[in-house]
Amino acid sequence: MLLACAASYGGFACIALAMPDYWERAGGDTARHAPRRRRLRYGGAALLALSLAACLWRDGPGFGALLWGGLLTAGAIAVAFTLTWRPRLLGLFTGTPPR
């Protein structure tokens with residue numbers, strides 16, 4: 001369950017950081033952003049797929065899909081709150097340590 005939660009949060013964080021505005025707010029260097037955009041998008045999608053796989057493996061297809069929908073909502077809200085209040089915490093994804 002912890003793996004599914006972390007993968008959901010990480011997936012949405014990667015997808016958000018693929019956008020230049022959020023990348024800069026998290027403290028990333030704009031010169032290093034362009035080559036990483038596609039990798040961030042694919043990595044985010046892979047982490048969300050990992051979250052789905054973990055939910056389906058843990059609880060089966062019936063409740064696992066429902067649980068995954070809830071985790072997607074919680075992960076997206078958590079990333080939105082992080083970007084609003086402490087965007088530098090996502091500096092781990094950009095390669096710059098948080099201050």
Side-chain angles (χ1 to χ4, degrees):
M1 187 66 187
L2 185 61
L3 171 69
C5 291
S8 177
Y9 181 84
F12 279 115
C14 286
I15 290 171
L17 290 174
M19 296 178 221
D21 294 341
Y22 296 132
W23 177 269
E24 290 175 11
R25 289 181 67 189
D29 183 19
T30 56
R32 294 174 51 195
H33 182 253
R36 293 184 180 195
R37 287 182 75 177
R38 182 166 291 170
R39 284 184 285 175
L40 282 168
R41 285 186 196 141
Y42 290 150
L47 284 171
L48 292 177
L50 175 67
S51 174
L52 173 63
C55 288
L56 293 178
W57 178 74
R58 181 180 183 269
D59 292 319
F63 187 71
L66 180 68
L67 178 64
W68 185 61
L71 285 179
L72 287 179
T73 304
I77 289 172
V79 169
F81 285 159
T82 304
L83 284 170
T84 301
W85 287 312
R86 300 284 295 185
R88 298 274 182 183
L89 288 178
L90 294 179
L92 297 173
F93 292 98
T94 65
T96 58
R99 295 180 207 176

What closest approach, in Å, do Leu90 and Tyr9 show between heavy atoms, and which atom pair accounts for it? CD2-OH, 3.6 Å

Counting N and O atoms only, with roles assigned by atom type, does the side chain of Arg25 sit under 3.5 Å from a partner on the main chain of Leu83, one being a donor and the other an acceptor? yes

Sub-4.5 Å side-chain heavy-atom contact between Ile15 and Leu48: yes

Measure from the side-chain N and O atoms of Thr82 to the backbone N and O of Ala78, and report whether any donor-acceptor pair falls under 3.5 Å. yes

For Arg41 and Ala18, work out which heavy atoms get closest and say how close. CG-CB, 3.7 Å

Side-chain heavy atoms of Leu50 within contact of Leu3, under 4.5 Å: yes

Can you tell me which residue among Asp59, Leu52, Leu56, Leu72 is in a side-chain contact (heavy atoms from CB on, under 4.5 Å) with Leu67? Asp59

Can you get from Tyr42 to Leu40 by hopping between Ile, Leu, Val, Met, Phe, Trp and Tyr side chains that sit under 4.5 Å apart? no

Can Met1 be reached from Trp57 by stepping across I, L, V, M, F, W or Y side chains whose heavy atoms are under 4.5 Å apart? no

Can you check whether Arg39 reaches Cys14 side chain to side chain, under 4.5 Å on heavy atoms? no

With distance as the sole test, does Ser51 use its side chain to make a donor-acceptor pair with the main-chain N or O of Leu47 at under 3.5 Å? no

